[in-house]
Amino acid sequence: EVAPGQHEMSPIYCQAPFSCDNNVLCMEVATKEAEKLGLAALFHEKPFAGINGSGKHNNWSIGTDTGMNFFYPGKTDKAREVFVTAIACLAYGLGQHNELVRCAVATSGNDHRLGAQEAPPAILSLCPGAGFEA
């Protein structure tokens with residue numbers, strides 16, 4: 001992370017309801033432990049002007065109950081076919097429901113993340129890795 005004293009915390013990936021619980025628990029523990037030290041844990045996306053904030057975000061994927069991740073490019077042609085199809089479906093869905101997505105992710109705090117190495121909340125980024133170069 002960029003700002004002084006800024007750290008990234010990443011609980012183990014799991015199903016969405018459990019992941020949300022883990023996220024809330026980690027924030028509660030960080031808040032209580034900081035208070036014990038006379039400090040404050042800040043979770044605002046950009047608490048100080050001109051310095052990156054926590055950029056609080058979620059990484060997610062969609063998969064099967066057998067462990068197949070549709071958003072993992074894989075190393076075989078078949079796996080890449082599934083990946084490209086999943087990305088195409090995601091892009092179509094985002095295009096069809098962009099107002100709903102924007103309402104779900106664009107809090108007033110998130111809209112202030114512009115600047116430094118941070119992307120505006122209206123941008124979704126994807127890095128598929130090697131093998132997809134033009």
Same apolar cluster: [X] and [Y], side chain cutoff 4.5 Å:
X: Phe18; Y: Met27; result: no
X: Ile62; Y: Val82; result: yes
X: Val84; Y: Tyr72; result: no

What's the spacing between [X] [atom1] and [Y] [atom2] if we round to 0.5 Å?
X: Phe70; Y: Thr64; atom1: CZ; atom2: OG1; value: 6.0 Å
X: His97; Y: Tyr92; atom1: NE2; atom2: OH; value: 7.5 Å
X: Glu28; Y: Asn23; atom1: CD; atom2: CG; value: 10.5 Å
X: Leu39; Y: Thr31; atom1: CG; atom2: OG1; value: 11.5 Å

| task | List the atom of Ala34, the atom of Ala41, and the distance in Å for their closest heavy-atom pair. | result | CB-N, 3.7 Å
| query | For the residue pair Gly74 and Ala79, what are the closest heavy atoms and their distance? | reply | CA-CB, 3.8 Å
| query | So does Lys32 pair up with Glu35, basic N to acidic O under 4.0 Å? | reply |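 Salt bridge: no.
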| message | Using the rule given for side chain to side chain contact (heavy atoms under 4.5 Å, CB included), can you reason through Leu90 versus Phe71, listing the C-alpha separation, both sets of side-chain angles and the distance that settles it, and then say yes or no? | response | CA-CA 10 Å; Leu90 174 65; Phe71 292 145; 4.0 Å; yes
